[in-house]
Novice: 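I have a structure here, written as structure tokens, and I will follow up with some questions on it.
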Amino acid sequence: MPASPRFPGIEERILAYWAEDGTFQASIDNRDAGANGDNEFVFYDGPPFANGLPHYGHLLTGYVKDIVPRYQTMRGKRVERRFGWDTHGLPAELEAMRLNGIKTTDEILEMGIDRFNEACRASVLKYTGEWRDYVTRQARWVDFDNDYRTMNPTFMESVIWAFKSLYDKGLVYEGFRVLPYCWNDETPLSNHELRMDDDVYQQRQDPAVTVGYALDDLGTDPVLDGAHILIWTTTPWTLPSNLAVMVGSAIDYVVVEGPVPGTDRKARYLLAEARLSAYARELADADGEFTILGRYSGADLVGRTYTPPFSYYAGHENAFRVVAADDAVTTTDGTGVVHTAGAFGEVDKEVTDRENIEAVMPVGKDGRFTHPVDEYAGMLVFDANLHIIDDLKAATRAFAGRAASASERIETAGSVTPGTILLRRESYEHSYPHCWRCREPLIYKGVSSWFVEVTKFKDRMLELNEEISWTPDHIKHGQFGKWLENARDWSITRNRFWGSPVPVWKSDDPTYPRIDVYGSFEELERDFGRLPRDKDGNPDLHRPFVDELTRPNPDDPTGKSTMRRVADVLDVWFDSGSMSFAQNHVPFENADWFEHHFPADFIVEYIGQTRGWFYTLHILATSLFDRPAFQSCISHGIVLGSDGNKMSKSLRNYPDVSEVFDRDGADAMRWFLMSSPILRGGNLVVTEPGIRDSVRQVMIPLWNSWYFFQLYANAAGIDASWSTGSEDPLDRYVLAKTREYVASMTEAMDGYHIADACETTQRFLDVLTNWYIRRSRDRFWADDRAAFDTLYTVLETTCRVVAPLLPLTTEEVWRGLTGGRSVHLADWPSADELPEDHALVEAMDAVREACSATSALRKARQLRNRLPLSTLTVVGASIGGFESLVADEVNVKQVRLLDADSEEAATYGVAQKLTVNARAAGPRLGRDVQLAIKGSKSGDWSVAADGTVTSGGLALVEGEYTLETVAGAASDDVAVGMLPGGGFVVLDTVVTPELAAEGLARDLVRAVQQARKDAGLDVSDRISLTLGGSAGALAAAREHEQLIARETLATSYSLVDGGAVSPSATEVLLSDGEVASISLSRV
RNA sequence: GGGCCUAUAGCUCAGACGGUUAGAGCACCACACUGAUAAUGUGGGGGUCGGAGGUUCAAGUCCUCCUAGGCCCA
């Protein structure tokens, strides 16, 4: 067994052992599920989309997904772990398009949906092998053979069942949603795609126009009647679709008189007062003055009607009104009035929905105008801009702001409504989104979609959220709770190809409307007489097979119309939100299983999933089952690159995953990630030194404890066993300490506080190696059976407790220690297996404090540790029975204990210190409290005979101050140091000649040990030793012959006077200017 | 453009209710210690607590504005 192990090599060996031994399966089989699965711990694996290799974020989540189930298994639970794959959606389609060199939906149709979807299917499985390798290498136990895939027919059948259930509950409806849309590729884009590359947003010049719409003459207000309300837009092509104008109700508006461009007439214009100056060129007179005719607040204007700029939608219900949209309207640019075209903007859509104005869509999927916008039909919207502006200009000149008769308008350009005024035309440069694939500018466009009416059961979602425990806990009412409060209806369909079908069939003749929704293969077969089947004849709900199911419309007596499936597929988030039931084909199979495996006990993903998977799980669980989908949830932070920025392949700002596995190992990475603030919701910067620190701080100490044990147990031929019976105080201490360690680990793991568990472990290992083992070395050298048993017990217990956190390293150590099959098949230890002695643990803390304070005194007085001193007096601290341990540790001949109030204690120059409690005294004294504080610091304070305390001239009352004893001035002969836990230590600093000689003797021991090491001798080799050197060194060597011979295992010991022993002897500088000459040989 | 969060030592982060010398770990330097341990111990340097105002006897902490960064939504 190596002293300095190569952990990656050990890990590979353990992984191979597990594979051969079937340890993972055994860890599940060993645990009984119990009646109704009562003994099961239910874990849901959030399905990743495997369109690339796993990165740190996946690894991080994977480690947590491993640790919790390992822990629960050791606690006796049965924990099934089933891997899942997210397989549908746009990323797969984009990859398939890239591989086939196609760009548009037309090209997909040309290629054939069946071939295209085959390509998608192939692309999503491409990396599954690599994923399995990475996940296995990270020592995550999960069942890959029995995985679930969202594209499996059984999964998809459960998904359409969910859709139908929601439909039957009245929670699904059809509507419009506005999306960024690429007219060139003919596809909507997800928001994710808008952030795909940094150059998606590019500067672009667009024509911006300021247009006045004529307010209707209501005969109520001569200033407003017939005035032109000014709007500003950078998308003139949306003007034909204008449906309303929006104002801010708290914004101040004015009506000013100004000229009609290109004519000698005047008109009244309405705009925000704050924007007036921006239109001075058009509206001010020669002196820069405005003719203000009236003032209105936005609220005054709401409800006024106007004539739309184009006549295409004249008479549209509820349209062409001034409406309030306080969030959408600002006075930072434009006119303070915003034109809305309903389906061409998110906010527009929201406002028109609220106002019950039906959206219009005169733009086709190719981005070209369609009927009824006939003048521009066939024109790409961006190209139409110029024509629209020209027509507006012509109409402005022709009518000069007047309404006109029908006969006149025929001669004007296009369908611009007489009375509409183009006030200004400019060009405007702004940041504008472009398609990440074809680089063409995007438009926002309404597309038809189906929605889950989340707003209807939002309150219930909030109630059920109360039953979930979150880590970190602020997520519950913070990020997740707030998100739920503001939940909007969920758009669940996409006009794409590769996904679960929307199971809705509609009549193709609106004269005979009918809608059928299907929730199973059986229902489909019943109505269509057959199942959708792929080309091999297997039931398959994918397009195009499902689209092939058609039948005559039963509601059409003519028998001509046909029931056809709507072309859309479901959002992939509907798939992943369905995994709790769909992974086991519920409700078609395993209904009983589901009853006992829902909700999950535990899930974990990164914090962004509060809007993703956590959210969709919660929506579907609430709406379908009126239960939460999970009981505890860890949402961790984001992994950043070594420079603190987002990880980026091109920047190469993070260490390569496989290199880290090969160099430092999977356990090191696990520890690094798990011990970090990332599990408490913070972000984490991944650096190579950080990962190596994990090895140094935890893995090496654990390994070395075992190495030490093994080294000496083998040497002594001792076969140690599990025992808590030792009477030795240090053994009792470490056993009691281990008990407390086990208890805190249990608490931390039960509460999912994994980072706390790491910290607790690191502290414990420090105590074990740097205190217990170091202080007990003599006993191991002396073959003390109780010491070996104790160390065995502590190590074995520690391995079990650390097993989830370092599964590979602990496996190696535990198996080496016990010869057992696997630490992961063992039970989690109970604290009760170990003796309780909290007083002893506390006493040892006091011991360590005393030693630490004494070291500081030695340091301050420049008294090296090897130099023995006569006496250490510990005052007012309970180090119960460990005097000799302290004496040995700090190298003094004698340790004495004194009560703090003893007479002698008072002689060590102790003093009193006054501290003013500002919190208590502040409110009473007010400003004067500062004087009292100043007094306490400067020494201007006193305690009167009756006990009254005065500071800075102010009398303080009980509770406003504290008086404490502190170490006062020391002398040349003693040094005094305070203990943080109360009391102090007094170190006798007088160095007698005897002490100095012994110090030198110890220097000699050290020098000989080094010489032994340099000569390559084994620890147990006996030597023949000859010493020479300066007079002082020689005297010390003579006086302490026994000490030196014993410590250095010298069987022959001789001294040579007069300097060097021989020319080849080692010359070593000792303390106090003394020199030693050392010659040794193995005997 | 909107919402939420963050800003404290070179780095990563703690700093209940406002309370008077702002802490820890890592890194760095020095010394000590070292026959399991590339370990450990002791000490040291290093901070205008993002900026500017305000409230208060007292502000890292509360309020306002600003700046920078992150996340989400547009």
Novice: Using the C1' atom as the point on both nucleotides, what is the distance between B/C33 and B/A38, in whole Å?
Specialist: 16 Å

Novice: Please check if the number of heavy atoms outside A/R763 that lie under 6.0 Å from its CZ is greater than 12.
Specialist: no

Novice: In whole angstroms, how far is the P atom of B/G43 from the CG atom of A/N865?
Specialist: 12 Å

Novice: With respect to the side chain of A/K859, which nucleotide from B/A36, B/C31, B/C33 is positioned closest?
Specialist: B/C31

Novice: Determine the minimum heavy-atom distance between A/A1007 and A/I1078, stating which atoms define it.
Specialist: CB-CD1, 3.5 Å

Novice: Which is true for A/T769 with a 4.0 Å heavy-atom rule: it touches a base, it touches only sugar-phosphate, or it touches nothing?
Specialist: base

Novice: Rounded to whole angstrom units, what separation is found between the CG atom of A/L863 and the P atom of B/C33?
Specialist: 11 Å

Novice: For A/S852, answer base if it contacts any base atom (sugar-phosphate contacts may also be present), sugar-phosphate if it contacts only those atoms, and nothing otherwise; contact means non-hydrogen atoms under 4.0 Å.
Specialist: sugar-phosphate

Novice: Which atoms form the tightest heavy-atom contact between A/S449 and A/S491, and what is the distance?
Specialist: OG-OG, 2.8 Å

Novice: Rounded to the nearest Å, what distance is computed from the NZ atom of residue A/K445 to the P atom of nucleotide B/A74?
Specialist: 18 Å

Novice: Using heavy-atom distances to pick each residue's nearest nucleotide on RNA chain B, tell me which of A/Q1010 and A/D766 is more 5'.
Specialist: A/Q1010

Novice: Shortest non-hydrogen contact from A/F984 to A/G977?
Specialist: CB-O, 3.0 Å

Novice: Checking all strands, does A/Y712 fall into the base, sugar-phosphate, or nothing category for heavy-atom contacts under 4.0 angstrom?
Specialist: sugar-phosphate

Novice: Which value, in whole Å, describes the distance between the C1' atoms of nucleotides B/G15 and B/U8?
Specialist: 9 Å

Novice: Output yes when at least one side-chain N/O atom of A/R692 is less than 4.0 Å from OP1 or OP2 of B/A38, else no.
Specialist: no

Novice: Tell me whether the centres of the aromatic rings in A/Y712 and A/F708 are closer together than 6.0 Å.
Specialist: yes

Novice: Using every non-hydrogen atom in the two residues, find where A/Q762 and A/W671 come nearest and quote the distance to one decimal.
Specialist: OE1-NE1, 4.4 Å

Novice: Stems involving RNA chain B: give each as a range paired with a range, ordered by first number, where a stem means at least three consecutive Watson-Crick or G-U wobble pairs under 3.5 Å.
Specialist: B:1-7 with B:67-73, B:10-13 with B:23-26, B:28-32 with B:40-44, B:50-54 with B:62-66

Novice: Would you mind classifying the nucleic acid contact of A/L857 as base, sugar-phosphate or nothing, using non-hydrogen atoms under 4.0 angstrom?
Specialist: nothing

Novice: How many whole angstroms separate atom CD of A/E889 from atom C1' of B/U42?
Specialist: 12 Å

Novice: When rounded to the nearest Å, what value does the distance between P atoms of B/C17 and B/G60 take?
Specialist: 14 Å

Novice: Using the C1' atom as the point on both nucleotides, what is the distance between B/G69 and B/U56, in whole Å?
Specialist: 32 Å

Novice: For nucleotides 23-29 of chain B, give me every protein contact, N/O to N/O, under 3.5 Å, one pair per line with atom names.
Specialist:
unit_1, atom_1, unit_2, atom_2, d
B/A27, OP1, A/R696, NH2, 3.3

Novice: Using the side-chain heavy atoms of A/N770, tell me which of these nucleotides is nearest: B/C33, B/U40, B/A36.
Specialist: B/U40

Novice: If you measure from the P atom in B/A30 to the same atom in B/U67, how many Å do you get, rounded?
Specialist: 46 Å

Novice: I'd like the C1' distance from B/A58 over to B/U20, given in whole Å.
Specialist: 7 Å

Novice: Using whole Å, what does the distance between atom P of nucleotide B/A36 and atom CZ of A/F780 come to?
Specialist: 12 Å

Novice: Could you walk me through whether A/R864 and A/S1071 pass the side chain to side chain contact (heavy atoms under 4.5 Å, CB included) test, one step at a time?
Specialist: CA-CA 9 Å; A/R864 70 188 196 281; A/S1071 306; 2.7 Å; yes

Novice: Kindly determine whether A/L1025 and A/I1044 satisfy side chain to side chain contact (heavy atoms under 4.5 Å, CB included), including the steps that lead there.
Specialist: CA-CA 10 Å; A/L1025 177 64; A/I1044 297 169; 4.1 Å; yes

Novice: Restricting to non-hydrogen atoms, name the atom on A/S705 and the atom on A/L768 that form the minimum distance, rounded to 0.1 Å.
Specialist: OG-CD2, 4.0 Å

Novice: What integer distance in Å separates A/Q1009:CD from B/U34:P?
Specialist: 9 Å

Novice: If we check side-chain contact (heavy atoms from CB on, under 4.5 Å) with A/F672, which of these qualifies: A/I691, A/V698, A/D664?
Specialist: A/I691

Novice: What's A/W771 touching, base or sugar-phosphate or nothing? Going by heavy atoms closer than 4.0 Å.
Specialist: nothing

Novice: Quantified in whole Å, what is the C1' atom distance between nucleotide B/A52 and nucleotide B/A24?
Specialist: 31 Å

Novice: Between C1' on B/C31 and CG on A/L1069, what's the gap in Å once rounded to a whole number?
Specialist: 16 Å

Novice: Expressed as a whole number of Å, how far does the P atom of B/U61 sit from that of B/G50?
Specialist: 8 Å

Novice: Verify side chain to side chain contact (heavy atoms under 4.5 Å, CB included) between A/R848 and A/V767, making sure each step is shown before the conclusion.
Specialist: CA-CA 10 Å; A/R848 298 191 73 175; A/V767 168; 3.6 Å; yes

Novice: Decide, for B/C17, between syn and anti: a glycosidic angle within 90° of 0 counts as syn, anything else as anti.
Specialist: syn

Novice: Does a side-chain N or O from A/R864 land closer than 4.0 Å to OP1 or OP2 of B/C31, or not?
Specialist: no

Novice: Hey, what's the ring geometry for A/W470 with A/F480, parallel, tilted or perpendicular (30° and 60° as the breaks)?
Specialist: tilted

Novice: For each nucleotide in nucleotides 17-22 of chain B, reading 5' to 3', give B when a protein heavy atom comes within less than 4.0 Å of its base, S when such contact involves only the sugar-phosphate, and - otherwise.
Specialist: B-BBS-

Novice: Taking the nucleotide of RNA chain B with the nearest heavy atom to each, does A/R848 or A/I773 sit closer to the 5' end?
Specialist: A/I773

Novice: For A/C851 versus A/E889, what's the shortest heavy-atom pair and its separation?
Specialist: SG-CG, 3.5 Å

Novice: Can you confirm whether or not the ring centre of A/W703 sits under 6.0 Å from the ring centre of A/F7?
Specialist: yes

Novice: Can you tell me if the side-chain N/O atoms of A/R866 get under 4.0 Å from OP1 or OP2 in B/U34?
Specialist: yes

Novice: Over how many whole Å does the gap from A/D1014 atom CG to B/G35 atom P extend?
Specialist: 12 Å

